[in-house]
Amino acid sequence: MHRFRKILLGSILGIAMLAQNASLMMNPDVKRVGMKLACLCGACKNSVGDCPMIGCHYAVPAREQIDQMQKVNMEDQAIVDKFIEQQGIKALVVPPAEGFNLAVWVMPGVMIFLGLMAIYFYIQRLRKPAATGTAHVSTHYNELAAKDLDKLD
């Protein structure tokens, strides 16, 4: 009787552990599509495919919805388009590079380039030799200094 209890307890614990692990495992196809979609739960900045929150109120239903769409043979892009239709462009992890979003992708590089060019021209300006007009001014002051020295003698 004592052995029966151990077997029963071990079986129940094994089933409970299997159930927990099975619920945490994700279909690789669902994960592939989920990695393109942002988790909009507000508590994390992850994708639907890798949201670590257990029982996330956005990622878990989104994964189930992706799984259902894949079961009716929807293409990955069609699934992503459906989420964009429902949630807007914020549903994407990486927004498309078009319109204003293109400017967001390009402007940091442009600003770095302009900043480096400004630094280059500033350094070039500091390195320039004295202008030719300064030679005339320095000879003028040298003559004045010489006249003052002659007055002292």
Just how far is it from atom [atom1] of [X] to atom [atom2] of [Y], taken to the nearest 0.5 Å?
X	Y	atom1	atom2	result
L144	T139	CG	OG1	10.0 Å
L116	M111	CG	CE	11.5 Å
H57	C39	NE2	SG	7.5 Å

Contact summary for [X] and [Y], nearest pair of heavy atoms:
X	Y	result
C41	M53	SG-SD, 4.1 Å
S47	M35	OG-SD, 3.3 Å
P52	N46	CD-ND2, 2.9 Å
P61	C56	CD-O, 3.7 Å
A103	P108	O-CD, 4.4 Å

Do [X] and [Y] make a side-chain contact, defined as non-hydrogen atoms from C-beta onward lying under 4.5 Å apart?
X	Y	answer
K31	N27	no
I79	Q65	no
L37	I66	yes
K36	F83	no
Y58	Q87	yes

Next on the checklist: Has R63 got a side-chain atom pairing as donor or acceptor with V48's backbone, closer than 3.5 angstrom?
Outcome noted: yes

What about [X] and [Y], same hydrophobic cluster or not, with Ile/Leu/Val/Met/Phe/Trp/Tyr joined at side-chain heavy-atom distances under 4.5 Å?
X	Y	result
F121	F113	yes
L114	V106	yes
M69	V80	yes
V30	L92	yes
V33	L40	yes

Item to check | Counterpart residues, side-chain hydrogen bond (donor to acceptor under 3.5 Å, both in side chains), relative to Q77 (two or more places apart) | outcome: D81

Checklist entry - Taking atom NZ of K82 as the centre, does the number of heavy atoms from other residues, nucleotides or ligands within less than 6.0 Å exceed 12? => result no

Checklist entry - So does D29 pair up with R32, basic N to acidic O under 4.0 Å? => result yes

